[in-house]
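Heavy atoms only: backbone and side chains are in, while hydrogens, waters and symmetry mates are out. Letters A, B, ... mirror the listed sequences (proteins, then strands); counts begin at 1.
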Protein chains: 2
Amino acid sequence: MNMAQRRTTIKDVAEAAGVGVATVSRVLSGGSASAETRERVLATAARLDYRPSALGRNLRQQRSGGIGLLVPDITDSFYARLTDGVLSCARSYGEPVTIGVTGDDPEQEAELIGTLIEQSMDRVIAVPSGDGETWAPALRAGLNVVFADRQVRDDVPGVVADDRAGVRTAVEYLVGLGHKKIAFLARHGQSQRVAAFTDTLASLGVPADPELVVHARASRDSAYAAAAGLLQHRADLTAVLTGGNMLGEAMVLAARELHVRIPRDVSLVMFDDVPWAELCSPPLTVIAQPAQDVGYRAAELVLRQGRRPRTVTLPTELIVRASCGPRR
Amino acid sequence: MNMAQRRTTIKDVAEAAGVGVATVSRVLSGGSASAETRERVLATAARLDYRPSALGRNLRQQRSGGIGLLVPDITDSFYARLTDGVLSCARSYGEPVTIGVTGDDPEQEAELIGTLIEQSMDRVIAVPSGDGETWAPALRAGLNVVFADRQVRDDVPGVVADDRAGVRTAVEYLVGLGHKKIAFLARHGQSQRVAAFTDTLASLGVPADPELVVHARASRDSAYAAAAGLLQHRADLTAVLTGGNMLGEAMVLAARELHVRIPRDVSLVMFDDVPWAELCSPPLTVIAQPAQDVGYRAAELVLRQGRRPRTVTLPTELIVRASCGPRR
DNA sequence: AAGCATGATGGAATCGTTTCCATGAACATG
DNA sequence: CATGTTCATGGAAACGATTCCATCATGCTT
């Protein structure tokens, strides 16, 4: 606060209105006051352009207002939309949102959790980055945590999209088109989606080939290398399911560079719908997840934390566009 | 803080270490202390798992640590990348980032500015949403503000991409291909880009048609309607420059639906490079702006606020892909 | 030896708001 | 009339960290 005029405090308002500071505080927070006193205080506060200091309030109340949000990567459209959902809900409650980016790394996540504890940020939404152990200190410190997109602890409520059902539907669709050699390009940490993939193949009596489940790290380069590797080394491949939008992107690029035609040579289904999925030629068939709703619902949950932890599962939806065809 | 054990305070550490609280504070913040005292205090703090409370610190120092960031839309790839740049820089300084989304609406922006003032968030980066008047209270309250992407006040430093040069290069490129009927699909608030467009046409001796400068609001629907309108009502159009990635998206979709072929019927240059620009068929020619750098540099600037306001301009770059052809 | 400067230390005050608790007034009930 | 309840009000305490300022010890210079 450099060279600024001294800000108006609650004491200034109390003095100018001829009441005590407790009365001003009560008036501004909806406590008991006579109508006449209330009007006088409100008029005085407006005249003096009084803005309560969140600093004093936070210390007295032993908590920071607002929501802490940790996501792996803000430039990934899915997390950006999830974040937008959180921001949208928080806005309607007048709550600021503090964001941290974990890089999908448990160590970075632990560090950011520490910062949240220092700030007594007692309402936290997170896309967790590990197996959930990093969250023990936060729970011990009494933070209200809600997980979004991934659920890694039984004692923490969450909001997730039904990715099992989504994967199952997509696999059923591809098998229905006659595909037998279907690959799953996954990111690390998507074991649930991978399990749904292999389980569905088994239940449909399609032999699963473990080498057709390929993992990529979080970077675009790694995604591209894994996608290109698949297309180059498995000429028998007729369909690919990708575990996220960045992996779908990598697959489209690799196919283009290797002159693999979609869907004629290889059919493609991408997990997550993003605006550009329609811009591709051909437009991509996707498993749409309600990212914004996940975020919005998580924010609702953390702002209205109930007694019992529970996890809300939102539906996914297969959107058939033009990136899949019959087995060649 | 529900049902949590009482957190360790600086008093606990002082007592256990046999020193005064001022000494503990000094040790933890790098002030003067003997080596022996320093070691004893650090060991005690670690043993008690002491975490300083940001609440007490903020009130005493009359400021919140961290950076406030206001962007128009977190789901727009450009702002997501800009945000990522801010987050990246802030992380290296250990500073949390609090985000607000303005919807590119000055009223919402004013509201969020009010929240920042209450929080005494004295370092703020913003993509401003109006003509800059909404920022007067923030400046009066002594907030250190840095604008990103748009510069609307002389008294506030900023980091912007050189969109004039970018537009000029693109227009020169299209005119070089023989195009005379070039439209500019702009978003409200992009007057500088529009001016560069019309100025460059004039300097190249190409008659400018005011009806070929079309404005769209911030929503995807509005963008699509404006794009479709252009293609439908101006059959003489041979090239389009769009003012941002969402407008480019709309143009691609509209062209596809109206069976306008890019680049055979209409050449297209999009302002801003996004990952999907390459996924299009054909891959889009773009004016790339260094969104991440803009954010990073803005954060550097606000964290190391100097004496004099100045604006840093980062270069843009024309990336020629396949969405432009000779005039038909 | 005397005076001054420096470094280390700690008690108390500060920051702005909320909340506790005591008091007074007004009203209702027995 | 006496007692109890409710509402409105205000002074003081609380919150946790930082910082101010006084004090002491030590070392250096004249």
Side-chain angles (χ1 to χ4, degrees), chain A residues 1 4-42 44-45 48-66 115 117-122 141-142, chain B residues 1 4-42 44-45 48-66 115 117-122 141-142:
Chain A
M1 300 299 230
Q5 59 204 79
R6 193 188 69 95
R7 79 188 283 171
T8 306
T9 69
I10 198 168
K11 285 180 194 169
D12 301 321
V13 177
E15 198 168 302
V19 298
V21 292
T23 302
V24 176
S25 185
R26 266 190 301 262
V27 167
L28 295 182
S29 61
S32 78
S34 70
E36 195 263 335
T37 301
R38 176 182 311 277
E39 279 180 32
R40 194 163 77 245
V41 169
L42 291 175
T44 306
L48 298 185
D49 197 26
Y50 171 64
R51 283 185 178 283
S53 161
L55 305 184
R57 183 171 63 235
N58 291 345
L59 179 61
R60 182 64 180 79
Q61 296 186 331
Q62 290 286 290
R63 56 180 291 270
S64 287
T115 301
I117 293 172
E118 276 189 29
Q119 296 187 311
S120 300
M121 182 71 67
D122 68 342
Chain B
M1 301 297 228
Q5 60 205 83
R6 193 188 69 93
R7 79 188 283 168
T8 305
T9 69
I10 199 166
K11 285 182 194 168
D12 300 321
V13 177
E15 198 169 303
V19 297
V21 290
T23 301
V24 176
S25 186
R26 266 190 303 261
V27 167
L28 294 181
S29 61
S32 77
S34 70
E36 195 264 335
T37 300
R38 176 182 310 280
E39 280 181 29
R40 194 163 76 247
V41 169
L42 290 175
T44 305
L48 298 184
D49 195 27
Y50 170 64
R51 282 186 179 283
S53 161
L55 306 184
R57 182 171 63 236
N58 291 346
L59 179 60
R60 182 63 180 81
Q61 295 186 334
Q62 288 289 290
R63 56 180 291 270
S64 288
T115 301
I117 293 171
E118 275 188 29
Q119 296 187 311
S120 300
M121 182 72 67
D122 69 341

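- Residues meeting the side-chain contact (heavy atoms from CB on, under 4.5 Å) test with A:T115, sequence neighbours left out: A:Q119, B:P96.
- Remark: A:R40 pairs with A:E36 by the salt bridge (Lys or Arg N to Asp or Glu O under 4.0 Å) rule, at least two apart or across chains.
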Please encode protein proximity along nucleotides 16-24 of chain C as a string of B, S and -, counting only heavy-atom distances under 4.0 Å. BBBB-----

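- For the side-chain contact (heavy atoms from CB on, under 4.5 Å) test, residues two or more places apart in sequence or in another chain that qualify with A:L42 are A:V27, A:L28, A:R38.
- Two end axes, each from the C1' atoms of five base pairs, can be drawn for the helix from C:dA1-D:dT30 to C:dG30-D:dC1; they diverge by 40°, to 10 degrees.
- The two residues B:I117 and B:A141 have their closest heavy-atom pair at CG2-CB, 4.2 Å.
- Within the model, atoms CG of A:L55 and OG of A:S64 stand 9.5 Å from one another, a figure rounded to the nearest 0.5 Å.
- Between B:A16 and B:L48, the shortest heavy-atom distance links the atoms CB-CD1, 4.1 Å.
- Residues satisfying the salt bridge (Lys or Arg N to Asp or Glu O under 4.0 Å) test with A:R57, not counting sequence neighbours, are B:E118.
- The side-chain contact (heavy atoms from CB on, under 4.5 Å) search around B:A22 returns B:R26, not counting sequence neighbours.
- Of the residues in residues 32-41 of chain A, not one places a heavy atom less than 4.0 Å from an atom of DNA chain C.
- Rounded to the nearest 0.5 Å, atoms CG (B:D122) and CZ (B:R63) are 4.5 Å apart.
- Evaluation of the salt bridge (Lys or Arg N to Asp or Glu O under 4.0 Å) test over residues 8-21 of chain B, restricted to residues two or more places apart or in two chains, returns B:R6-B:D12.
- Every residue meeting the side-chain contact (heavy atoms from CB on, under 4.5 Å) condition with A:T37, not counting sequence neighbours, appears here in chain and number order: A:V19, A:T23, A:S34, A:V41.
- Taking CG of B:N58 as the reference point, atom OG of B:S120 lies at 8.5 Å (rounded to 0.5 Å).
- Contact footprint of chain B on DNA chain D: nucleotides with an atom under 4.0 Å from a non-hydrogen protein atom, first to last in 5' to 3' order, D:dG16 to D:dT19.
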